[in-house]
Amino acid sequence: MAQTTSTAGAAPPAPSSTGAASATGANPLLSGAILPTLARLAAPNMVAMLATASVAIAETAYIGQLGIAPLAGFALAFPMVMLMQMMSAGAMGGGVSSAISRSLGAGNVARAEALARHALVIAALAGVAFTAIFVGLGPIIYASLGGRSAVLAEAVTYSNMVFLGAIFVWSTNTLASVLRGTGNMRVPSAVLLAVAALQVALGAGLGLGLAGLPRLGIAGVGLAQAIAFAVGTAAFAWHLASGRARVRLRAVGSFHREMFRDILKVGAVACISPLQSVATVLVMTRLVSSFGTEALAGYGIGARLEFLIVPITFAIGVASVPMVGMAIGSGDVERARRVAWTAGGSAGLLVGGIGLVVAAAPELWSRLFTDNADALASARTYFRSAGPAYGFLGLALALYFASMGSGRILGPVIAQTVRLCVIAVGGWWLALQNAAASSLFLLVGVSLLAYGVAAALSVLLVSWEPRVARQSN
């Protein structure tokens, strides 16, 4: 990238000689049956996302062996690490996949390759920004979240090691999104699976001093993530530069403001959603904490399941991005909408089924974490109030990703704002009424219902007609 010349005012690459019509005929993402194609694309994503989720479980297990202070410090910093993952892989990553897929749908391979280069610049800048924020302001951030003395020190130590390697997390997830934008889900899933395995192995080795490695404590766990994602970046860069992918990553080339804008008009707006998700959990945690430790533990058990549901919807939603994007790029808006509703319906049914199971038999999940009778009772109330509405969460999240493919993401982001407002305003009013914790748990269900309905309306009412002039000039 250092050898490139900035020509922000110049015209972007013109379409390649292979037009959209030929691309349509040869590409199953544009012509194949929607549900089987979506399932085929989602399956490898599901494996990779579950592997990524298992990393947090493994890290919690061996950090627990280091003592209570490291475990508490890890819990304090982990939401910020998850925020970076959600922004780089889901939000900005969706913007990258959307731009790539829309260009390929229009038959413009040269533009897609240029977009890949622009995406990597965005990833580098975002990685540097995360390093500056969390290394420079980490002690202040974690102290404001309640970190004190040894716990604060452990949180800062872990955070510093992770965020010193933030550029590798952003680059890995961005390059994975480039490949997903071409419709290739297998290579990103395979590389991310290897990254997860390497992170678990190195984290245990460097954290606990296994296999002759130095015992670095929680710093070793953070270092392991940085190393694993550096390897992931190298693997993706090699694959894309080698010509094995449909889009080739070329280090030399010009830059155009319009291409940065094409990625950021989706990715930057989409980044608001993870912030709102974290804010929703923090607001709800603060409200429930006033009812005591057992009520908070019950809510925490429920919130943990909600976070583990996200990889399921991510797998389906991300699979829909290139299908929607290529359909939009080729001018087939009707197919794009059918893909979106198929993805939303599939995620809604799958996640809704999980919600109904835990509503009917909450102990199946709750007893994995505690035997405390009061905490189990709190979790039971939570699942019976919120579980039946989980389907609306799956619907909304899948439509959020599908909307990225269309390039129209503002509506689903506003839908997330609706959920946050229901929690914040409704929680404030219930607090004034001295309502019971069960009322707050019911509010969670209402907020999920509002989220799903608002997301569905945003797709139903917003035009997805492509802005042809902006794509081809």
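- Closest heavy-atom contact between G452 and A396: CA-CB, 4.0 Å.
- Taking each heavy atom of Y390 and G355 in turn, the nearest pair found is CD2-CA, 3.7 Å.
- Pairing each heavy atom of M185 with each of P44, the nearest pair is CB-CG, 3.8 Å.
- With R117 contributing its side chain and S254 its backbone, the two residues share a donor-acceptor pair below 3.5 Å.
- Between E258 and R111, at least one side-chain N (NZ, or NE/NH1/NH2) sits under 4.0 Å from a carboxylate O, which counts as a salt bridge.
- A donor-acceptor pair is defined here as one N or O able to donate and one able to accept, closer than 3.5 Å; such a pair exists between the side chain of S447 and the backbone of V444.
- Taking the six-membered ring where tryptophan is involved, the planes of F134 and F163 are essentially parallel, since the angle between them stays under 30° and well short of 60°.
- E59 and Q199 are linked by a side-chain donor-acceptor pair at a separation below 3.5 angstrom, with hydrogens and angles left out of the test.
- Residues A150 and A69 share a closest heavy-atom pair of CB-CB, 4.1 Å.
- Remark: the backbone N or O of A375 is not paired with any side-chain donor or acceptor of S378 at under 3.5 angstrom.
- Within 6.0 Å of CZ in R186 there are 12 or fewer heavy atoms belonging to other residues, nucleotides or ligands.
- Inspection of the S159 and Y142 side chains reveals an N or O donor paired with an N or O acceptor under 3.5 Å.
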- Task: Go through the steps to decide whether F401 and F314 satisfy the test ring pair (Phe, Tyr, Trp, His ring centres under 6.0 Å), and finish with yes or no.
- Result: CA-CA 8 Å; F401 283 106; F314 180 93; 5.4 Å; yes
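- The closest side-chain donor-acceptor pair between S406 and R408, if any, does not fall under 3.5 angstrom.
- Here the options are I328, V266, L115, the test is side-chain contact (heavy atoms from CB on, under 4.5 Å), and the partner is S98; only V266 passes.
- Using cut-offs of 30° and 60° for the angle between ring planes, the H118 and H256 rings count as parallel.
- By the 30° and 60° cut-offs, the orientation of the rings of F260 relative to F255 is parallel.
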